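Predicted model, so just to flag it, every value in this text is computed and none were measured. Excluded from the calculations below are hydrogen atoms, water molecules and symmetry mates; all remaining heavy atoms, backbone and side chain alike, are included.
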Amino acid sequence: GSSTREKGFMSTKLFEDSIIQAKAMGIKKASLHTIGEPFVYPKMTELVEIAENHNFVLKARSNGVLTKRIKSTYKKYSPSLPKVTLSIDSADKNTYEKIREGAKFEEMINSLEEIKRINKTRSNNKKMTIHNKVVISSDNIFGIKDIFSFYEPYIEPHNHVFNLANNMGLNQNYFSK
């Protein structure tokens with residue numbers, strides 16, 4: 001089924017108020033992910049700046065295909081967004097695009113290349129760390145080993161996490177077959 005939640009974007013004021021309330025409760029970080037793509041948000045860079053102003057850490061989980069948005073968000077290093085977690089389930093183009101319906105393999109690779117280029121200009125303590133959450137399925141189970149070698153120029157081996165499918169934020173058509 002599809003989500004019945006109202007679609008739209010959170011205002012930057014609500015976001016800032018939420019961070020202030022979270023900090024008052026002792027919460028120091030939050031994740032922007034699960035249902036929806038955080039880099040679709042037109043004011044993502046503003047959210048990072050708001051978090052930075054409040055010394056609050058964000059994590060973003062993305063399918064990695066919005067290269068221009070990722071580039072504009074990470075162009076300026078922010079300690080408030082030190083890493084991005086991507087959902088890359090295969091080193092094979094056809095398998096990746098089958099699992100991540102609508103995503104383009106080339107765009108995801110372009111995003112990895114862009115983060116790599118940005119990182120080359122930064123000192124070690126200001127590099128963006130890339131993590132990968134892989135959903136294991138019958139289509140990619142035998143290609144898991146290839147993920148390590150194919151993505152080695154971008155993602156350190158210990159930054160890959162492998163999970164079994166759940167119903168959060170995944171292509172329901174793919175996982176219901």
(Q) Can you give me the closest heavy-atom contact between Asp139 and Thr95, atom names plus distance? (A) O-CG2, 3.7 Å

Q | Non-hydrogen atoms of Phe56 and Ile27 that approach each other most closely | A | CE1-O, 3.3 Å

Report the distance from atom [atom1] of [X] to atom [atom2] of [Y], rounding to the nearest 0.5 Å.
X: Ile130; Y: Tyr154; atom1: CD1; atom2: OH; result: 9.0 Å
X: Thr45; Y: Ile50; atom1: OG1; atom2: CD1; result: 11.0 Å
X: Glu52; Y: Leu58; atom1: CD; atom2: CG; result: 10.0 Å
X: Arg61; Y: Asn132; atom1: CZ; atom2: CG; result: 9.0 Å
X: Asn163; Y: Ile136; atom1: CG; atom2: CD1; result: 7.5 Å
X: Lys83; Y: Thr129; atom1: NZ; atom2: OG1; result: 8.0 Å

Are [X] and [Y] linked, directly or through other ILVMFWY residues, by side chains that come within less than 4.5 angstrom of each other?
X: Leu32; Y: Leu14; answer: yes
X: Phe150; Y: Leu86; answer: yes
X: Ile147; Y: Leu164; answer: yes
X: Val57; Y: Met25; answer: no
X: Ile144; Y: Met108; answer: yes

Q | Carboxylate-amine/guanidinium contact Lys13 Glu16, below 4.0 Å | A | no

Within a strict 4.5 Å, meaning less than it, do heavy atoms of the [X] and [Y] side chains meet?
X: Ile20; Y: His54; value: yes
X: Leu47; Y: Thr12; value: yes
X: Met128; Y: Ile118; value: no
X: Val40; Y: Phe9; value: yes
X: Ile88; Y: Leu112; value: yes

Q: Please check if atom NZ in Lys23 has more than 12 non-hydrogen atoms from other residues, nucleotides or ligands closer than 6.0 Å.
A: yes

Q: Report, as yes or no, whether the 6.0 Å neighbourhood of atom NZ on Lys29 holds more than 12 heavy atoms from other residues, nucleotides or ligands.
A: no

Taking [X] for its side chain and [Y] for its backbone only, find out whether a donor-acceptor pair lies under 3.5 Å.
X: Tyr151; Y: Ser90; result: yes
X: Asn119; Y: Lys127; result: no
X: Asp89; Y: Val135; result: yes

Q: Please work out whether the ring planes of Phe162 and Phe148 are parallel, tilted or perpendicular, with thresholds of 30° and 60°.
A: tilted

(Q) As a quick check of understanding, evaluate side-chain contact (heavy atoms from CB on, under 4.5 Å) for Glu106 and Glu97, giving each step before the final call. (A) CA-CA 10 Å; Glu106 293 82 6; Glu97 290 181 354; 3.8 Å; yes

Q: Only counting residues at least two apart or in another chain, list the ones meeting side chain to side chain contact (heavy atoms under 4.5 Å, CB included) with Asp146.
A: Ala91

Q: Given side-chain contact (heavy atoms from CB on, under 4.5 Å), test His160 with Ile155 step by step and report yes or no.
A: CA-CA 8 Å; His160 293 282; Ile155 306 168; 3.6 Å; yes

